[in-house]
Number of protein chains: 2
Amino acid sequence: MAVTIIDVAREANVSPSTVSRVIADSPRISEQTKRRVREVMNQLGYYPNFQARNLAAKTTQTIGVIMSDSTSLAFQNPFFPEVIRGICVSAHASKYGIYFSTGGTEEEIFQEVVSMVQGKKVDGIILLYSRVGDRTMKYLKDENFPFTMVGRPYQYEDEISYIDNDNERITHEVVEYLYNLGHRKIAFIGGNLDFVVSIDRLNGYQKALEKLGLSYSEDYFIRNDVIKTNGMKAVHQLMELNEPPTAIVAHDDLVAYEVIRYLEGLSVQVPGDVSIIGFNNHALSAYVKPPLTSVDISIVELGLEATNLLLEKIQDSEAAVEHYFVPTKIIERESCKRITTKKKRE
Amino acid sequence: MAVTIIDVAREANVSPSTVSRVIADSPRISEQTKRRVREVMNQLGYYPNFQARNLAAKTTQTIGVIMSDSTSLAFQNPFFPEVIRGICVSAHASKYGIYFSTGGTEEEIFQEVVSMVQGKKVDGIILLYSRVGDRTMKYLKDENFPFTMVGRPYQYEDEISYIDNDNERITHEVVEYLYNLGHRKIAFIGGNLDFVVSIDRLNGYQKALEKLGLSYSEDYFIRNDVIKTNGMKAVHQLMELNEPPTAIVAHDDLVAYEVIRYLEGLSVQVPGDVSIIGFNNHALSAYVKPPLTSVDISIVELGLEATNLLLEKIQDSEAAVEHYFVPTKIIERESCKRITTKKKRE
DNA sequence: CTGAAAGCGCTTACAG
DNA sequence: CTGAAAGCGCTTACAG
């Protein structure tokens, strides 16, 4: 029904091959012929059939975007929309489309990736997460299929191209920031340790303590799952310690606010009694009370650069493995307070 | 290179047609043959080529998802990730994939939609917005291409299937809610009036005033663009009116918080002096101070139902045009206060 | 229940 | 600079 390359060829008195070459803007066709063929294409309302072209050319001009299962962090604001925006910008500039994974569970996602790869649905894949022991990542690596990750791979770091923040360093800086405000008792509320980002941030926290001569205590570390299931109690226990923290680093702005609310229940003031700093710099964090000091992690760039790297890989299968860190920045607002170190010690 | 249907056929001693029918699980093939062919497929690691299958079958098994340009509301949390989640659930259940638009400007988006339709990239399209005078919507309708919208179309309402909230009604209810708390001076901060959702909410506000015997005043209506560019001043003017409002309805939780911040600058307490209610029930709104009363609009359902409707349309081109409203609910928190109507009037 | 053949709408060596 | 031909990997009437 639709007008095909054959119709155009007939109408323009050339062969289908020629029409095909005009579409591709091949230099081997004379300007005159091109002009004539293009005129006919417009006249007939011709559009190349995507599937047919891809089948013949053995390409798809689309990249697959995979996020971790929907129950996890990835679906929270604002990471997801922003990273997608970055991907869109880069993909659009190179005339690539985006095919989106729809799977729910880890297993479904894995199966979907396999079918994307084997079924030749996409030219390359972006993994929007990095999880410990991830089968999908391993598969992609073993298949030698073009892919990049947003997040440092937990393994094979030298064989996989990825974009990330320097999570260890920035968390280190966050702790130092609090230290410089006079804090010595600094608690940490981590993310899901199945994800490398959470591990790196925890490492940064621990190393900073060490470097600053503060000792690490299990009591000062709350895992994200206990915040989720039993946050109120965990925060109460934290504040009932003999030496309750004067500052808290939270893995995400959302959990920071959750904690602030529990603190309120205990009549603990932020930042009066306890300073708190979050990660990810949510849109709301500027407006909320107290405006939250938070680490901006350049989410759009994360998506943008991951896509650029993938596109390089697709276009040149010999392209070197590359890693980038995208900038992070502590956005100071009003949830952290300078204290004079007059308490117990010293 | 990859193993094809031919390889499987040869190995299983059947024709390619038979293999194809086994893939489709056609009832016309004996169980015995199916078993044998499937065994060979596993053994050889066969996966059907997506493009080839689609080209031959004249289908794509994928739906296109289009959002409004990235500068607008759609990219704000939490609408975007949640609506996508809804779409994914439904698409995945029906084994459809998702092709995502990457365009930046309105024109780019339009071109992309045309190429999706004409290039046979997708079987149907979901428009994640409804804009006044939208060329893309008109095009889809005129082409008679299967599509649905999240949001009431500004035109051709009887010819287009869509899912929406009953925005007029819920805004009406919101005003009544405030009225029942004793408020008589209720201001409204609207969204971008290029979008139908904003128009409907404004209408609901105005009709509620009318029904409740309150008069509508231009002074009580702030357009979203002035909030964006000159919000502080607009809020100041609002509060310096002879009869400043005692309650404010904000088109979105984000703008509600922005307003609250400006109010603070004027030492106006929320909800002490002014009550405020938002829309969209952001994830943070529960945690923030004051916890914001907000209208939950069931975003996931919006995506889910729009996809279901589209799938019906795709599978049956004669399917009737349908509309659904997805439930809305006022989530009461702490930003609205009952007042005793003792001020000036009466 | 199964197969031979045509066809989906392109691209790309190969030849001139 | 252009064309004829083969092929990409499937599906689907048609025939038996």
Side-chain angles (χ1 to χ4, degrees), chain A residues 1-38 40-41 44-62 95 97 115-123, chain B residues 1-38 40-41 44-62 95 97 115-123:
Chain A
M1 233 59 21
V3 11
T4 73
I5 217 173
I6 308 268
D7 304 318
V8 175
R10 192 186 307 120
E11 197 71 19
N13 278 317
V14 293
S15 73
S17 326
T18 300
V19 177
S20 174
R21 290 190 186 105
V22 173
I23 295 169
D25 201 19
S26 156
R28 288 166 39 191
I29 304 292
S30 73
E31 278 309 317
Q32 199 190 336
T33 308
K34 279 186 187 174
R35 221 172 301 128
R36 183 154 44 88
V37 171
R38 281 185 185 133
V40 174
M41 294 197 319
L44 265 45
Y46 170 78
Y47 268 84
N49 180 304
F50 186 66
Q51 317 262 12
R53 170 208 269 272
N54 289 166
L55 178 59
K58 290 181 165 305
T59 165
T60 68
Q61 289 294 118
T62 112
K95 300 199 180 306
S115 94
M116 281 190 193
V117 171
Q118 300 294 342
K120 311 265 185 308
K121 289 188 194 177
V122 299
D123 292 340
Chain B
M1 234 58 25
V3 9
T4 74
I5 217 173
I6 308 268
D7 303 317
V8 176
R10 192 185 304 119
E11 197 71 20
N13 278 316
V14 294
S15 73
S17 327
T18 300
V19 177
S20 174
R21 290 189 186 106
V22 172
I23 294 168
D25 200 19
S26 157
R28 287 166 39 190
I29 303 292
S30 73
E31 277 310 316
Q32 198 192 336
T33 308
K34 278 186 187 172
R35 221 172 301 129
R36 182 154 45 89
V37 171
R38 281 184 184 134
V40 174
M41 295 196 320
L44 265 45
Y46 169 77
Y47 268 84
N49 180 304
F50 187 66
Q51 316 261 11
R53 168 207 271 270
N54 289 166
L55 178 59
K58 292 184 164 304
T59 165
T60 68
Q61 289 293 117
T62 111
K95 302 201 176 306
S115 93
M116 280 189 193
V117 171
Q118 300 295 342
K120 311 265 188 305
K121 288 187 194 180
V122 299
D123 293 340

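Every chain is numbered from 1 and lettered A, B, ... according to where its sequence line falls, protein lines coming before strand lines.
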Side-chain donor-acceptor pair present, Asp123(A), Thr60(A), cut-off under 3.5 Å: yes
Distance-only donor-acceptor check, side chains Thr18(B) and Ser15(B), under 3.5 Å: yes
Measure [atom1]/[X] against [atom2]/[N] and give the value in whole Å, please.
{"X": "Gln61(A)", "N": "dC10(C)", "atom1": "CD", "atom2": "P", "answer": "16 Å"}
{"X": "Asp7(A)", "N": "dG9(C)", "atom1": "CG", "atom2": "C1'", "answer": "10 Å"}
{"X": "Arg10(A)", "N": "dG3(D)", "atom1": "CZ", "atom2": "C1'", "answer": "16 Å"}
{"X": "Arg21(B)", "N": "dC1(C)", "atom1": "CZ", "atom2": "P", "answer": "12 Å"}
{"X": "Asp25(B)", "N": "dC1(C)", "atom1": "CG", "atom2": "P", "answer": "13 Å"}
{"X": "Gln51(B)", "N": "dG9(D)", "atom1": "CD", "atom2": "P", "answer": "12 Å"}
{"X": "Arg28(B)", "N": "dC14(D)", "atom1": "CZ", "atom2": "P", "answer": "12 Å"}
{"X": "Asn54(A)", "N": "dG9(C)", "atom1": "CG", "atom2": "P", "answer": "15 Å"}

Checking all strands, does [X] fall into the base, sugar-phosphate, or nothing category for heavy-atom contacts under 4.0 angstrom?
{"X": "Ser17(B)", "result": "base"}
{"X": "Tyr46(A)", "result": "sugar-phosphate"}
{"X": "Phe50(A)", "result": "nothing"}
{"X": "Ser20(B)", "result": "base"}

Does a side-chain N or O of [X] approach OP1 or OP2 of [N] to a distance below 4.0 Å, or not?
{"X": "Thr18(B)", "N": "dC1(C)", "result": "no"}
{"X": "Arg53(A)", "N": "dT11(C)", "result": "yes"}
{"X": "Ser15(A)", "N": "dA4(D)", "result": "no"}

Minimum heavy-atom distance Asp25(A)-Arg38(A), with the two atoms named: OD1-NH2, 3.0 Å
Between [options], spot the one nearest the side chain of [X], thanks.
{"X": "Lys58(B)", "options": "dT2(C), dG3(D), dG9(C)", "result": "dG9(C)"}
{"X": "Ser30(A)", "options": "dT12(C), dC8(C), dT2(D)", "result": "dT2(D)"}
{"X": "Ala52(B)", "options": "dG7(D), dT2(D), dC10(D)", "result": "dC10(D)"}
{"X": "Ala56(B)", "options": "dC10(C), dT11(D), dT2(D)", "result": "dT11(D)"}

Same-atom distance (C1') from dT12(D) to dG16(D), integer angstrom: 16 Å
Base-pairing assignment for dA4(D) (Watson-Crick or G-U wobble, both under 3.5 Å): none
Pairing partner of dA13(C) (Watson-Crick or G-U wobble, both distances under 3.5 Å): none
5' precedence on DNA chain C between Val14(B) and Ala24(A) (nearest-nucleotide basis): Val14(B)
Would you indicate whether the side-chain heavy atoms of [Y] and [X] approach each other to under 4.5 Å?
{"X": "Ile23(B)", "Y": "Tyr46(B)", "value": "yes"}
{"X": "Asn54(A)", "Y": "Leu55(B)", "value": "no"}
{"X": "Val37(B)", "Y": "Arg21(B)", "value": "no"}

